Structure formats: structure tokens, C-alpha cells
Protein chains: 2
Amino acid sequence: MNTLPNHVSSTAFLIADPARAAMLIALCDGRALPAGELAYAASVTAQTASSHLAKLLAGGLLTVETEGRHRYYRLAGSDVALTLEHLAALRPSEAVRRKPLSHEGQNLRFARCCYDHLAGQLGVAVTQALQERQYIAPAAEKQFLLTPSGHEWFGVMGLDVAALKPTRCGLARQCLDWTERRHHLAGPLGVQFMTLLCSNGWLRRSKSSRAVQVTPKGWAGLKEQLGIDQNSVIP
Amino acid sequence: MNTLPNHVSSTAFLIADPARAAMLIALCDGRALPAGELAYAASVTAQTASSHLAKLLAGGLLTVETEGRHRYYRLAGSDVALTLEHLAALRPSEAVRRKPLSHEGQNLRFARCCYDHLAGQLGVAVTQALQERQYIAPAAEKQFLLTPSGHEWFGVMGLDVAALKPTRCGLARQCLDWTERRHHLAGPLGVQFMTLLCSNGWLRRSKSSRAVQVTPKGWAGLKEQLGIDQNSVIP
DNA sequence: TCGACATTTCGATACGAGTCGAAGCATGCA
DNA sequence: TGCATGCTTCGACTCGTATCGAAATGTCGA
């Protein structure tokens with residue numbers, strides 16, 4: 001049993017470096033990213049990133065696939081993502097709460113895209129409204145199930161649910177929101193829904209950052225369809 | 001959002017030191033231990049331990065209670081233990097599997113208390129039997145739901161379910177077992193059930209460690225009530 | 001009040017690890 | 001074949017921090 005602490009600490013050690021943590025978090029949605037992109041995500045040079053990636057690989061937290069001259073890294077398993085989520089959720093404390101965020105920070109907290117789906121306060125509020133209306137229901141394995149009435153509602157909104165193909169994680173996933181510490185809608189349904197909200201003019205994505213803006217038309221639609229207004233999102 | 005990786009990594013950093021990890025693991029059963037004992041558990045001097053404990057305290061992973069000239073440290077919450085278990089379960093690899101465990105290690109693997117509920121092979125086997133008999137059912141949010149027949153069965157066993165008050169995580173939680181990598185029963189119901197099994201003489205807790213022993217009467221009861229015998233647990 | 005014990009603070013040391021520049025390997029394209 | 005691109009290896013530098021000895025603080029018992 002004395003070997004256990006070493007094991008835990010060495011695993012934690014891999015996550016303990018800010019650059020490595022940034023890379024792992026960037027991979028949290030399960031996609032595979034090339035080394036260069038991970039270097040960018042962690043704000044380090046390619047050499048440094050390479051060294052980190054080698055360690056994560058040796059530690060069994062990542063796997064790699066070589067394709068042409070790119071090397072695509074991905075998390076070794078969903079348990080890795082799960083552990084990261086637990087670490088992230090571990091500190092509820094004052095530290096972050098107290099300092100006021102920058103303007104850009106507030107925008108990001110309010111609404112942003114998390115890879116290709118909606119996150120932030122708005123993402124959480126929308127997801128919650130969808131659940132309250134029983135359009136989706138949380139299920140095991142961090143999935144959301146689409147109910148019949150949800151199927152219909154998304155159809156009315158202009159989303160062809162039947163055309164979506166579920167991944168091995170299902171049609172809709174629960175994704176932990178870093179800033180809100182609650183789940184928001186991800187997976188193919190989440191991605192397609194985000195696309196829809198952008199193309200029908202409810203949301204506008206920023207070109208330079210991950211921030212997302214709600215248009216006047218968007219607020220009207222959110223209020224009518226999901227009972228969400230500006231005041232109910234922010235507190 | 002760039003602050004998130006820092007947060008994760010700084011939390012992981014606290015666990016990344018072997019001495020600190022050893023202390024945290026020693027506290028995993030929820031007990032409060034004095035600084036000296038933690039120093040011993042981590043095989044470092046008192047000064048070194050003190051420095052580590054101060055860091056863990058500042059990081060919010062521990063809380064402390066001063067009592068006389070002793071200072072008793074304990075985990076800040078069960079989420080800390082949960083995170084540690086996830087870290088421990090992260091590496092499926094060869095390392096541990098191959099080496100035979102010590103006698104003490106085998107005992108711990110077989111049955112131990114995790115916080116205040118039953119863990120190890122026995123804990124997993126019992127939890128599984130409870131599910132097969134539909135006394136409890138896994139639900140979202142890592143919970144177990146107590147079925148009507150389960151309510152009745154626990155009552156017959158001598159556990160007053162109505163007297164339990166659910167926490168914000170519900171009445172019964174799924175807790176990941178780090179040696180078995182499967183869930184066992186936790187939460188108020190798990191705690192009370194463990195207490196019951198000790199008071200009715202089925203189990204006997206060790207004074208010096210977290211290991212738990214099954215009495216002959218316990219084996220008879222487990223076989224009769226849940227179909228669990230010695231052979232069905234160990235493989 | 002004094003001595004024993006538990007714990008923390010201070011200071012010095014030494015080891016480990018992250019970082020980046022420069023160079024070395026592959027792969028793909030013309 | 002030559003060149004650009006993506007990634008890794010090598011070497012050197014620097015900084016952080018884990019560690020422990022010595023001493024201070026605080027608490028209990030006589």
C-alpha cells in the first residue's frame with residue numbers, strides 16, 4: 001500500500017504543470033489535436049510542448065496517432081477527463097469569486113463557445129430550460145436523452161434531429177461548465193443547436209475570441225421559446 | 001478562461017508531492033489525524049510535514065482543529081477523497097497488477113472503510129448484490145435510488161431508512177472504488193449500513209488500519225440475505 | 001514556575017524540472 | 001532533388017521548492 005501515494009502523486013504531478021494542464025483541458029472534449037495546436041493552447045514553444053507531451057504519453061494520460069507529418073494527441077480515456085473535472089471542481093473558494101473579471105472575462109463567462117457548442121452562463125441557462133421543459137433529460141454516462149417532445153421542439157426550431165448521427169457517446173452529452181460548475185449541452189445535438197442559433201441570427205460569434213453575443217432577435221426568441229431573459233441569466 | 005488551467009494545475013500541484021499525497025491518503029477514511037502522525041505516515045520530519053500541511057491548508061484541501069497541544073487535520077470534504085480516488089484509479093496499467101500485494105494490502109483490497117462506508121471487493125460485491133435484487137438502482141448525478149423493496153429490506157435488516165436525512169447529494173451515492181474500479185454504496189445510506197453491519201456483528205473494524213473483517217456470523221448473513229459467499233467475492 | 005512534548009518558523013542547501021535556442025529527423029509538396 | 005513544415009532531441013541556464021538543523025512558540029503536567 002505504500003506504493004499507492006507514489007502512484008497518486010506521480011499522476012497528479014503530470015497535471016500539476018500549468019502548461020500540461022492547459023493541454024489536457026484543451027483535449028477534454030475528446031478530440032485529437034496536433035502537437036502544434038497544443039503548444040499554442042498552452043502558450044509554450046513547440047520544443048517545450050513536445051517534452052510535456054512525451055511525459056503525458058509516458059504517464060498514460062494521452063495516446064497519440066501519427067498521421068502524415070502531424071501527430072494527433074488525445075486523452076487516453078474519458079476517466080482522464082473525469083479526473084480533471086473533479087480537480088477543477090475541487091475549489092469552490094473565494095479566490096476567483098472576489099476579484100472582478102475583466103470586461104473580456106465577463107463576456108466569456110456570460111457566453112462562449114466550448115469547442116463547437118454553447119457554454120457559459122447562457123449555455124447553462126439554456127440547458128436548464130431545456131431540462132425543465134423536458135426536452136432533454138440527464139442520463140447515465142454523462143449523456144442527455146432527447147425526449148419525444150424535445151425531438152419535436154428542435155424540429156420546429158429548424159434542427160433536423162434525424163440527420164444527426166450519434167457518436168459513441170450518444171447524441172447529446174453533459175459537459176461540465178468550468179465557470180458555472182454545472183452541466184451544459186454538448187455532443188452532436190449541442191453542436192448542431194449552436195450552429196442553428198448562429199445561422200438564424202440569435203447569436204453572433206466573435207471572430208477573435210470564443211465569446212458569443214446574443215442579438216436582440218435572439219433575446220426575443222429565448223424569452224418566447226425558453227423563458228430566458230437577460231436578468232434571469234446573469235444572477 | 002486562461003485562469004482555469006492554473007487552477008487545476010495548482011490543485012494538482014498540492015497532490016503531486018509524494019509526502020503530501022501520503023498524508024492525504026492517510027486521511028482518506030475521513031478521520032482527523034494529528035500532525036505528528038501525518039509526518040510519520042509520510043516518512044518525513046515534523047518540520048517538513050508542517051510545511052506541507054500549511055500548503056494543503058492554504059489550498060483548501062484540509063481543515064484543522066486545534067485541541068490542546070495537538071492539531072488535528074482532516075480532509076476538507078469528501079470530494080477531496082473522491083478526487084484522490086479518481087487519480088488513483090487513473091492508471092489501469094501493469095505496474096500494480098503484476099506484483100503480489102502484501103498481506104496487509106490484500107486485507108485492504110478485500111474490505112476496508114472509505115470515509116464511513118464499506119469499500120473494497122466486499123463493498124463492491126455487496127453493492128452489486130443490492131442492485132441485482134433491485135433494492136437500489138443507479139441514477140444520474142452519481143446517485144443510487146432506494147426502491148420500495150429496498151426500503152423494506154433495509155428495514156428488516158434493522159436500518160431505519162426514514163430516520164436518514166439526505167444530503168444535497170441525495171440519500172445514497174455512487175463512490176468509485178480505487179482498487180476495484182467499480183462503484184460501491186456511499187452517502188447516508190452507505191454510512192448507516194456500514195454502522196449496522198458493525199453493530200450487528202457481521203463486520204469488525206480494525207483499530208489500527210482501515211481494514212475490515214467479516215465474522216462467521218457475517219458470512220452466514222451475507223450468504224442468506226444477499227447470496228454472497230467467500231468465493232464469490234474474491235475472484 | 002519549570003521541564004517535557006507537539007508543532008511551527010526561520011534559514012541554508014541541494015536537487016529537480018521547466019524553459020528555450022539550436023540542431024536533427026521525418027514528411028509532403030513542387 | 002530541393003525546400004518548407006511539423007515535431008522531436010540535445011544542451012545549458014535558471015528558478016522553485018523539498019528537505020532538514022536550529023530555534024521559537026505554545027500547551028500540558030508536576
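By convention in this document, chain letters (A, B, ...) are assigned in the order of the sequence lines, proteins followed by strands, and residues within each chain are numbered from 1. Bear in mind that the values here come from a model prediction, so they are computed numbers and not experimental data.
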How about [X] and [Y]: do any of their side-chain heavy atoms sit closer than 4.5 Å?
X: B:Phe144; Y: B:Thr127; answer: yes
X: A:Asp79; Y: B:Leu90; answer: yes
X: A:Val126; Y: A:Leu130; answer: yes

Counterpart residues, ring pair (Phe, Tyr, Trp, His ring centres under 6.0 Å), relative to A:Phe154 (two or more places apart):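 Partners of A:Phe154 by the ring pair (Phe, Tyr, Trp, His ring centres under 6.0 Å) criterion, ordered by chain and then number, come out as A:Phe193.
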Test applied, side chain to side chain contact (heavy atoms under 4.5 Å, CB included); reference residue, B:Arg74; option that passes from B:Val64, B:Leu33, B:Thr63: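 One option only clears the test, and that one is B:Thr63.
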Under 4.0 Å protein heavy-atom contacts per nucleotide of nucleotides 7-20 of chain D, with B for base, S for backbone only and - for none: SBB-------SSSB
A:Leu75 and A:Leu62: CA distance, side-chain angles, deciding distance, side-chain contact (heavy atoms from CB on, under 4.5 Å) verdict: CA-CA 4 Å; A:Leu75 294 188; A:Leu62 296 184; 3.7 Å; yes
Are the side chain of A:Ser9 and the backbone N or O of B:Ile15 linked by a donor-acceptor pair below 3.5 Å? no
Could you list where the contact with chain B starts and ends along DNA chain C, reading 5' to 3', using a 4.0 Å heavy-atom cut-off? C:dA4 to C:dT9
